[in-house]
Amino acid sequence: MEIALARLYNSPTTNVIGVDNMTVSNQTVADIFDQCAKMLQIKGESVHRWMAYSRVAEAIRDLPRDLSAMAQDRTLHDIPGVGKVLAEKIEELLNTGQLAFHQELQKEVPLGVVEMTEIHGVGPKKATLFWKQLNITTVAQLEQAALEGRLATLEGMGKKSEQKILESIQSQKKHRDRTPLGVALPIAKNILAYVLELDEALHGEIAGSIRRGRPTIGDVDLLVAGTNPEAIMQRFVSHGEVEHINGQGKTKSSVVLRNGLQVDLWVLEPSRFGTALQYASGSQMHNIRIREIALKAGYSLNEHALTPINAAGELLSEQEILCATEEAVYAHIGLPWIAPELREDNGEIEAAKAQQLPHLVELQHIRADLHMHTTWSDGSKTIREMAEAARARGLEYICITDHSITSRVANGLGIDRLLQQREEVQRVNAAMGNGFTILHGTEMDIQLNGTLDYPDDILEQLDFVIASLHFGLSQDRATITKRLLNAINNPHVDMIAHMRGQLIMSREPADLDMDQVFAAAQKTGIAFEINSNPKRLDLEAQYARRAVEMGIPISINTDSHRIEQLANLDYGIRTARRGWVPSERVINTWSLERFREWVGKRGKA
DNA sequence: GCCGTTTTCGGCCCGACTGTTTTCAGTCG
């Protein structure tokens, strides 16, 4: 996990004293807790103490509510890992914009030393060594010292270590951030396929955070079952995109690609594939919990096997249990298989124990795509071409939802063209024949003042109405929330698309008051979209989960502007599964009849 | 610092790889 120091420093909340009318974001609290964890670690505090801060930071990042709202409800203790001390620290941050404990720590450990530990190959011990021995307190100073050969003279260091640190600093300058899922997944598939071309590589899986469906990826984890690890590893490191080999062993190797992405490969014999896949899929916190449960059941669990432990606490290695599948791993410790997208230690283990895991939506459950564009606005294909492509992908119905008039750059439709388009939809529908239906809808803009682009008497005539925020996304919280509520409260609007307006790693989400938004949606019965475009993946999983818990319907759509984008549905499904979304709650898994009935009950024919 | 069909204290997962050692510490996942 990387700490975004720049973001933390630039956040006004850390510099302002005595703020009362300023909201401290969840992100800021998480960043400060992460820094506390790092500083405690450098200070040599107990691993359990600093891990407590790190765990809570991670939990806060995945929270679907504002900490400030939770503090008012007195529900901070509901966050796993938050006890008396951390709840008080969160409240201090929310109330004052700063944390005295954090500032005290900074007097003992310079933040530049924390920053050094973010360099690959530099941990708390090395960072402390450079700081205490050479008085180095910034990454720039560390780079200079490495160039001058001063690091190699230290105890426990040598020329090779110095060179590695130098390379890490320089490579980190090129590639600091995480990688979007939409970039990492195709690369992972490509490299895995390349390795599997080798006869000795029997089968494999993409593991890690890609398998869990996270919207951004730190590194790619691959797993291969095979009989000749050396040959498989050699094949792996000889892939054309490999720029640097971090390490190459018999069971694990790690490389860096030309684009800066790190890829790790584990190779195990097929009989151990299940334990290895379970291990490599993570998350770390899920695995810690699973291994604790294994211990209570009398086993030590690692990536190779489940090993029984006798009363004296000794491993009975000769009795180890091999698992070729993940199902076997979970079964041996008394749990049903848990879908990888749920494995974040976010309640999935408790649900598994209670036999209450959700029946998650799958790609093949989807019968319709309710959000796509054509040449009528900014799409590249005609209604007919989009329909044919959707039918070829196995869908039963689609809804054409071109932009409305306010999106002038997207050639948005005025009322006249919207009505003309309806006639063409009817013509193409007839031409398509039985067994496939094209619905006519719109993706209607919500104007800056909250006004909708079409009047109610026009909306009434459409099969399905989407409302979207496309601009003015940096309005203040009260303004943009009111604007969105205006759309949610219109009975003719059936769905809000890509609600928060985020673009992964390039645009922050709008500052919506999500408590108000969810409450309004629960009242009106409107659906929320999970947009499958890998640049959006909006709603994010934690909000999708909250929607499910509140009974708000979900729709998973591609927002396609080109035929190839229809395949993006896979990303939306992964996001929905991370959000614990069961298929019966997804309106486009329903038959056309049921879907029409649902829309009809919302106030239209 | 958290947590509890081992509850208010004593626990809190497990192994691979590298470089510097000469048996292991540090880092990473």
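Residue numbers begin at 1 in each chain, while the letters A, B, ... track the order of the sequences. As the structure is a prediction and not an experimental result, all values here were calculated from the model.
Projected onto DNA chain B by closest heavy-atom contact, A/I119 and A/G247 fall at different nucleotides, the more 5' of which corresponds to A/G247. Comparing A/M233 and A/P124 against DNA chain B, the residue whose closest nucleotide sits nearer the 5' end is A/M233.
With salt bridges taken as basic N to acidic carboxylate O contacts below 4.0 Å, none links A/E303 and A/R272. Electrostatic pairing of A/R61 and A/D34 counts as a salt bridge here, judged by a charged N lying under 4.0 Å from a carboxylate O.
Note on A/V56: nothing from the nucleic acid sits closer than 4.0 angstrom, heavy atoms only.
On the C1' atoms, B/dT8 is 12 Å away from B/dC2, given to the nearest whole Å. The same atom, C1', is picked in B/dT18 and in B/dC13; the two are 22 Å apart, to the nearest Å. Rounded to the nearest Å, the gap between the C1' atom of B/dG15 and that of B/dG10 is 25 Å. Taking atom P on both nucleotides, B/dT7 is separated from B/dG1 by 24 Å, rounded to a whole Å.
Nearest nucleotide to the A/T251 side chain, out of B/dC2, B/dA16, B/dG29: B/dA16.
One can place CG of A/L76 at 15 Å from C1' of B/dC2, the figure rounded to the nearest angstrom. Atom NZ in A/K164 sits about 11 Å away from atom P in B/dC28, given to the nearest Å. Between the P atom of B/dT27 and the NZ atom of A/K125 lies a distance of 7 Å, rounded to the nearest Å. At whole-Å resolution of the value, CG in A/N246 and P in B/dT18 are 10 Å apart. Atom NZ in A/K84 sits roughly 12 Å away from atom C1' in B/dG1 (whole-Å rounding).
Residue A/S161 places none of its side-chain N or O atoms closer than 4.0 Å to OP1 or OP2 of B/dT18.
Residues A/F273 and A/H203 place their aromatic rings such that the two centres sit under 6.0 Å apart.
Side chains of A/Q35 and A/Y53: no donor on one and acceptor on the other come within 3.5 Å.
Contacts between residues 254-277 of chain A and DNA chain B, counted as heavy-atom distances below 4.0 Å, involve A/Q262, A/D264, A/W266. The stretch residues 140-160 of chain A touches DNA chain B through A/G156, A/M157, A/G158, A/K159, A/K160, each having a heavy atom within less than 4.0 Å of the strand. Non-hydrogen atoms lying under 4.0 Å from DNA chain B are contributed by nothing in residues 318-353 of chain A. A heavy atom closer than 4.0 Å to some atom of DNA chain B occurs in A/D219, these being the qualifying members of residues 204-219 of chain A.
Under the Watson-Crick or G-U wobble criterion, with both distances below 3.5 Å, B/dG19 is paired with B/dC24.
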TODO: For nucleotides 3-14 of chain B, just jot down a letter per nucleotide in 5' to 3' order: B, S or -, based on protein non-hydrogen atoms under 4.0 Å.
DONE: S--B-----BBB
TODO: Give the C-alpha distance, both sets of side-chain angles, the deciding distance and a yes or no for side-chain hydrogen bond (donor to acceptor under 3.5 Å, both in side chains) between A/S168 and A/S171.
DONE: CA-CA 5 Å; A/S168 293; A/S171 122; over 6 Å; no
Using residues 119-140 of chain A as the side-chain source, report each donor-acceptor pair under 3.5 Å to any protein atom, sequence neighbours left out, with the distance given to one decimal.
| from | atom 1 | to | atom 2 | distance (Å) |
| --- | --- | --- | --- | --- |
| A/T128 | OG1 | A/P124 | O | 2.7 |
| A/T138 | OG1 | A/Q141 | N | 3.0 |

